[in-house]
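The block underneath contains the structure these notes are about, expressed in structure tokens.
We number each residue from 1, following the sequence as shown.
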Amino acid sequence: MTLEEKLSLLDETFEADEGTVKADMLLSDIDEYDSMTKLSLIVMMDEQFGVKLTSQMVRNFKTVQDILDLMK
């Protein structure tokens, strides 16, 4: 999966406009990144990448790149 495809998947997961989410963005700067989005992220990462995120892992994310680093 390309970087663009991963970012598009995050746009969808965050319910953000297409092309909104960028790798260098701080998650705290993304209005759509709330508790429901975090739950959606946990589900998406498990279904799409087989990555089991814990709530602690999600709390430790600071940037979009932190999430992208786990999308393999």
Discussion item. Does atom CD (Q56) have a neighbourhood of more than 12 heavy atoms from anything else shown, all under 6.0 Å?
Written reply: yes
Worksheet item: Does a side-chain heavy-atom distance below 4.5 Å link M71 with V51?
Response: no
Item to complete: Output yes when a side-chain donor or acceptor of Q48 lies under 3.5 Å from a complementary backbone atom of M45, and no otherwise.
Response: no
Discussion item. When you group the ILVMFWY residues by side-chain heavy-atom contacts below 4.5 Å and let the links chain together, are V43 and V21 in the same group?
Written reply: no
Worksheet entry | From M44 atom CE to I67 atom CD1, the distance as rounded to the nearest 0.5 Å | 7.5 Å
Worksheet item: With ILVMFWY side chains joined below 4.5 Å, transitively, what does M36's cluster contain besides itself?
Response: L39
Practice prompt. Can you measure from CE (M25) to CG (L10) and round to the nearest 0.5 angstrom?
Written response: 11.0 Å
Discussion item. Membership question, hydrophobic clusters at under 4.5 Å side-chain separation (ILVMFWY): are L41 and M1 in the same one?
Written reply: yes
Worksheet item: Quick check: are there more than 12 heavy atoms from other residues, nucleotides or ligands sitting under 6.0 Å from CD of E12?
Response: no
Worksheet item: Per the side-chain contact (heavy atoms from CB on, under 4.5 Å) rule, which among L9, T20, L27 passes with F14?
Response: L27
Item to complete: Mind jotting down which residue pairs meet the ring-ring contact (aromatic ring centres under 6.0 Å, His included) criterion with at least one end in residues 46-72? Sequence neighbours excluded, please.
Response: none
Discussion item. When you measure from the side chain of D66 to the backbone of T63, do you find a donor-acceptor pair of N or O atoms at a distance under 3.5 Å?
Written reply: yes
Worksheet, complete the sentence: When rounded to the nearest 0.5 Å, the distance separating CE of M57 from NZ of K38 is 14.5 Å
Worksheet item: So if you build clusters from Ile, Leu, Val, Met, Phe, Trp, Tyr with side-chain heavy-atom gaps below 4.5 Å, do L70 and L68 land together?
Response: yes
Worksheet item: So, D11 side chain and A16 main chain: donor-acceptor pair closer than 3.5 Å or not?
Response: no
Discussion item. If we ignore hydrogens and angles and just use 3.5 Å, is the side chain of D46 paired with the main-chain N or O of I42 as donor and acceptor?
Written reply: no
